[in-house]
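Notes follow once the structure below has been shown.
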Amino acid sequence: MDHSHHSHRPSTAGAKDTLAEKTLHGHQQAMPPAGHGEHGHDHHAMMIDDFRKRFWISLLLSIPVIIISPMVQDILGYQLDIPYAMYISLVLSTVIFFYGGWPFLTGLKAELKKGSPGMMTLIAIAITVAYVYSTAIVFGLAGMDFFWELATLIVIMLLGHWIEMKSVMGASRALELLVSMMPSEAHLIQEGETVNVRIDALKKGDLILVKPGEKVPADGLIVEGESYLNESMLTGESKPVQKSKEDKVIGGSINGNGSLKVTVQNTGAESYLNKVINLVQEAQKTKSETQNLADKAARWLTYVALFAGFGTFAVWLALGAELSFALERMVTVMVISCPHALGLAVPLVVAISTAISANNGLLIRNRTAFENSRKITTIIFDKTGTLTQGSHEVARVVSFAPEYPEKELLRLAAGIEQNSEHYISQGILKRVKAENIPIPASVSFNYLPGKGLEGEVEGKSVKVVGPNYLKEFQIPVPESNAEEEVETVVYVFINDTPIGYISLRDQLRPESAEAIRILKENGIKNLLLTGDNERVAKSVSDALKMDGFLANVLPHEKQEKIKELQAQGEFVAMTGDGVNDAPALAQADVGIAVGSGTDVAAETADIILVNSNPQDIASLVLFGKATYRKMIQNIIWATGYNVIALPLAAGVLYQQGIMVSPAIGAVLMSLSTVIVAINAQLLKKQMKH
C-alpha cells in the first residue's frame with residue numbers, strides 16, 4: 001500500500017536532464033546488458049591467479065636449487081655430494097627462469113617499448129645476467145654459479161607483485177556493480193498483455209509495468225499510478241520521493257508500494273545511470289596515472305646497475321684481470337643491484353597497512369589514494385548516511401489535548417501506522433517499540449492518497465495525515481514548532497479533531513562532531529555537500545561546527561564542485577554513500593565510501609569505512625601519513641643498501657682486501673630484505689584506534 005504523508009514535492013528529475021545535454025567527455029559507451037558486467041575484473045583476477053601459481057611453482061622448484069647450491073653449502077657449512085648437481089640446478093633454474101621470470105621478461109619488453117625502464121627492466125636484467133652467466137659456468141666457464149640467486153630473486157619478486165596486485169584489485173568491479181543495479185528484465189505491456197522482455201530490448205516509447213518493490217528498468221514518465229520511489233542511491237535525496245502521473249522516474253531507483261505504468265524515455269547509453277557510469281569511468285582513468293615512487297627508484301637503479309656492471313667489467317679488464325674474474329664482478333654487481341628489498345619495500349607496507357586498516361574498519365582499494373591521504377587539504381562530506389544516520393526517527397511528539405498525553409498519541413498513531421511500509425510509519429513504529437508501548441489493533445483501515453492514513457482504533461476514528469490534508473480541508477491547527485524544512489510533520493486526528501503532531505528527522509551520527517574536530521586540529525578544511533535544501537544543510541553544518549556547506553547540489557554537480565576545488569590547488573577527499581556520489585568519489589583525489597551505503601559507492605571509492613563511523617576518516621588521514629613514512633624509510637633503506645654494496649661488489653676496496661663475494665652479496669641482499677620487512681611490521685604500532 002502506498003502511504004503519502006507530506007506535501008507532493010516537485011521531481012528533481014527535470015533538473016537532471018541537463019546531464020543529457022552535457023556530452024560527457026565527448027563520447028558515450030553503450031551500457032553492457034545487465035548481468036554481463038565488465039571484463040576488466042575477470043582479466044585482473046586471472047592475472048592475480050597467474051602470479052600466485054607462478055610464485056608457488058617457482059618456490060617449490062627453488063628449494064632443491066638452494067639446497068644443492070655450492071654457494072649456500074659454503075655459507076651454511078654443509079656438504080652434499082649429488083651426482084650431476086650442476087645439471088639438476090640448470091634444469092630446474094631454466095624452468096624457474098622462463099616460467100617464473102616470464103612476467104618480468106614480458107614486462108621488460110613493455111617498459112622498453114614505452115621508453116621508461118622501471119622495476120620490470122631491473123628484475124629482467126638481473127635474472128637474465130644471472131641465468132646466462134650461471135649456464136656458462138655449467139658449460140665450463142670458471143667461477144661459481146648464481147642459480148640460487150636467480151631462484152630466490154624470481155620467487156621474491158613474484159611474491160611482491162602478487163601482493164601488490166591483490167591490493168590494487170577491484171577498480172573494474174565498480175562498473176559491474178553499477179550495471180547490475182539495473183534489473184535484467186522489464187514487464188512490457190503490449191495490447192493489454194504483460195510480457196517479460198530483456199532490458200536491452202526496450203525502446204523509447206514502450207509502455208512498461210513496474211510492480212511494488214521492483215527496480216525501475218529504464219528512465220521514463222509515469223502514465224498511471226502513484227508511489228514513493230527510493231532514489232537515494234541515485235540522487236542522494238534521503239526521503240523517498242512521491243511520484244505520480246507525468247513525473248519522471250530514473251532507471252535503477254526502487255519502487256515503493258504502488259504499481260506504476262511508465263513510458264520509456266531513455267534506454268542504454270542515454271540513461272541517467274549510464275551517464276553516471278561514464279563519469280566514473282573517466283575519473284578512474286585519469287586517476288590511475290599516479291606513478292609509484294618505487295618505480296622511479298627502480299628506473300634509476302636500472303641505469304646505475306647497467307652502468308656500474310659494464311663499467312666494473314671494463315675497468316677490471318683494463319687493469320689486466322682474468323676474464324672470468326671481471327665477469328664474476330660484473331654479474332655480482334648486476335645481481336646485487338636488483339634489490340629484493342625494493343621489490344618488497346612498498347608491497348609489504350601496503351599489505352600490512354591494508355590488513356591493519358581492515359581490522360580497524362578501513363578497507364583500502366586504491367593504494368595510491370591511500371598513500372596520498374597525507375596530502376588531503378579539504379574533506380567533503382556527503383550528508384545523508386555519512387554525517388547523519390540516513391533513517392528518519394521521531395524528533396518530537398507534541399500533544400494539543402491534555403487528555404491525550406504523548407505516549408497515548410504515539411500508541412493510537414501506531415495502531416494505524418502498523419498497516420503501512422512507509423518510512424514515516426517505520427519511524428513511528430520504531431519509537432513505539434523502543435518505548436515498549438503496546439500497539440492496539442485497528443479496523444477499517446483506509447489509505448488517503450497523497451494525504452495519509454485513517455482507520456478505527458478502539459472504537460475511535462483515527463487519522464494520521466500530512467500538511468496536504470490540512471490544506472485541502474482548511475483545518476486550522478496550533479502552530480507547530482517543528483522545523484518544517486528539516487522535519488517531516490504528521491498530525492494525529494481523533495474523531496476529526498487534531499490532538500497533536502509527530503515530527504521525524506534524519507539524526508546526526510554521534511561520532512560526527514569528534515571527527516570534524518580532529519580534522520580541524522590537523523588543519524584540514526571540511527565542507528558539507530548535499531542535495532538537500534539550505535536549511536537542512538545549515539542546521540547540520542552549524543551543529544557540527546563545520547567550515548561551510550554547499551546545498552541543493554545535483555549528482556553531476558558534485559563532481560564539478562570537486563573539480564573546482566582541485567583547480568584551486570586543494571587536495572580533495574570526498575566521503576559519500578550513494579550512486580549519486582560515485583562520480584564525485586571517483587573524481588576526488590581520495591574517495592572514501594561509507595560502508596552502510598551502496599555497493600557502488602564502495603566500489604568507486606578508494607577507501608571504504610566499514611563501520612560508517614566518520615571518526616574513522618580522521619584516523620585514516622593520520623594512518624595514511626604513518627604508512628607513507630614507512631614506505632619512504634623502506635625505499636631509502638633498500639636503495640641505500642645498494643649505494644654501499646655496489647661499489648664493494650665492483651671491487652673498489654679490492655686492494656684493501658675488502659671484496660664482496662657473490663655469496664656475501666646475497667646475504668647482504670637477504671638481510672636488507674629482512675630489515676625492510678621488520679620495518680614494515682612496526683607500522684602496527686602506529687594505528688592506535
Side-chain angles (χ1 to χ4, degrees), residues 1-9 210-214 222 224-230 232 238-244 254-260 391-399 401 404-473 475 477 482 487-506:
M1 303 255 3
D2 202 342
H3 169 185
S4 351
H5 273 305
H6 55 82
S7 57
H8 174 75
R9 304 192 32 239
V210 185
K211 295 177 182 171
E214 289 187 333
I222 299 177
E224 190 186 308
E226 59 175 272
S227 185
Y228 274 84
L229 267 76
N230 181 346
S232 62
S238 48
K239 293 178 180 177
V241 186
Q242 185 183 5
K243 301 269 176 142
S244 52
I254 300 166
N255 187 15
N257 357 22
S259 196
L260 301 174
S391 63
H392 282 74
E393 298 193 7
V394 172
R396 55 185 107 204
V397 183
V398 175
S399 166
Y404 291 106
E406 287 168 21
K407 278 199 170 170
E408 182 63 6
L409 196 73
L410 276 170
R411 189 180 77 88
L412 294 168
I416 299 291
E417 296 289 351
Q418 66 188 341
N419 298 300
S420 168
E421 289 300 310
H422 193 278
Y423 72 91
I424 289 180
S425 312
Q426 298 308 312
I428 291 175
L429 291 171
K430 192 173 163 190
R431 175 65 169 269
V432 165
K433 284 179 183 138
E435 295 198 13
N436 288 326
I437 299 171
I439 301 175
S442 58
V443 289
S444 51
F445 168 75
N446 183 31
Y447 154 61
L448 308 166
K451 300 189 228 18
L453 300 171
E454 63 179 355
E456 260 186 54
V457 179
E458 296 167 351
K460 301 182 183 76
S461 148
V462 180
K463 286 189 186 71
V464 184
V465 289
N468 279 358
Y469 182 85
L470 306 183
K471 279 195 201 100
E472 187 175 327
F473 296 103
I475 301 170
V477 288
E487 297 176 17
T488 302
V489 180
V490 290
Y491 292 88
V492 182
F493 282 69
I494 289 185
N495 301 334
D496 294 331
T497 310
I499 58 154
Y501 69 85
I502 299 170
S503 77
L504 300 95
R505 70 186 294 166
D506 198 3

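Just the heavy atoms: all of them, side chains too, but no hydrogens, waters or symmetry mates, feed the values below. By convention here, the first residue in the shown sequence is residue 1.
- Formation of a donor-acceptor pair under 3.5 Å by the S227 side chain with backbone atoms of L229 is not found in this model.
- Side-chain atoms of E226 and S244 form no donor-acceptor pair, as typed in the model, at a separation below 3.5 Å.
- Here the closest non-hydrogen pair linking P440 and V457 is CG-CG1, 3.6 Å.
- The shortest non-hydrogen separation linking I254 to G213 is CG2-O, 4.0 Å.
- Side-chain atoms of N419 and S442 form a donor-acceptor pair, as typed in the model, at a separation below 3.5 Å.
- Contact of the V465 side chain with the F493 side chain is registered, since non-hydrogen atoms from C-beta on lie closer than 4.5 Å.
- Residues E454 and L448 meet the side-chain proximity criterion, which asks for heavy atoms closer than 4.5 Å.
- Not one N or O on the side chain of S259 forms a donor-acceptor pair closer than 3.5 Å with the backbone of K211.
- Scored by the side-chain hydrogen bond (donor to acceptor under 3.5 Å, both in side chains) test, D496 finds K463 as partners (sequence neighbours excluded).
- With rounding to the nearest 0.5 angstrom, the CD atom of Q418 is 9.5 Å from the CZ atom of F445.
- For the atom pair OG (S425) and CD1 (I416), the distance works out to 10.5 Å, reported to the nearest 0.5 Å.
- With sequence neighbours excluded, the residues satisfying side-chain contact (heavy atoms from CB on, under 4.5 Å) with E393 are S391, K430, Q507.
- Scanning both residues, V394 and G427, for their nearest heavy atoms gives CG2-O, 3.7 Å.
- Of the inter-residue distances, the one linking K407 atom NZ with N436 atom CG reads 8.5 Å to the nearest 0.5 angstrom.
- Here E406 contributes atom CD and I437 contributes atom CD1; the two are 10.0 Å apart, rounded to the nearest 0.5 Å.
- The CG atom of L409 lies 4.5 Å from the CD1 atom of I499; values are rounded to the nearest 0.5 Å.
- With sequence neighbours left out, T497 forms a side-chain contact (heavy atoms from CB on, under 4.5 Å) with no residue at all.
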(request) Evaluate the criterion side chain to side chain contact (heavy atoms under 4.5 Å, CB included) for residue pair N446 and L453; output intermediate values, then yes/no. (result) CA-CA 6 Å; N446 183 31; L453 300 171; over 6 Å; no
(request) Could you walk me through whether V489 and L504 pass the side chain to side chain contact (heavy atoms under 4.5 Å, CB included) test, one step at a time? (result) CA-CA 7 Å; V489 180; L504 300 95; over 6 Å; no
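- Residues meeting the side-chain hydrogen bond (donor to acceptor under 3.5 Å, both in side chains) test with E408, sequence neighbours left out: R411.
- Minimum heavy-atom separation, E417 to I428: OE2-CD1, 3.9 Å.
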(request) List the steps, then state whether side chain to side chain contact (heavy atoms under 4.5 Å, CB included) holds for V432 with I439. (result) CA-CA 8 Å; V432 165; I439 301 175; 3.8 Å; yes
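- At a cut-off of 3.5 Å, with distance as the only test, no side-chain donor of N255 or E214 sits close to an acceptor on the other residue.
- Listed by chain and number, the residues in a side-chain hydrogen bond (donor to acceptor under 3.5 Å, both in side chains) with E456 amount to none (sequence neighbours excluded).
- Legend: residues meeting side-chain hydrogen bond (donor to acceptor under 3.5 Å, both in side chains) with R431, ordered by chain and number and at least two apart, are E435.
- We find the OH-CG distance between Y228 and N257 to be 10.0 Å, quoted to the nearest 0.5 Å.
- Y491 and Y469 have their aromatic ring centers separated by at least 6.0 angstrom.
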(message) Working note: Y501 + R396, criterion side chain to side chain contact (heavy atoms under 4.5 Å, CB included); need CA distance, chi angles, decisive distance, verdict.
(response) CA-CA 8 Å; Y501 69 85; R396 55 185 107 204; 4.0 Å; yes
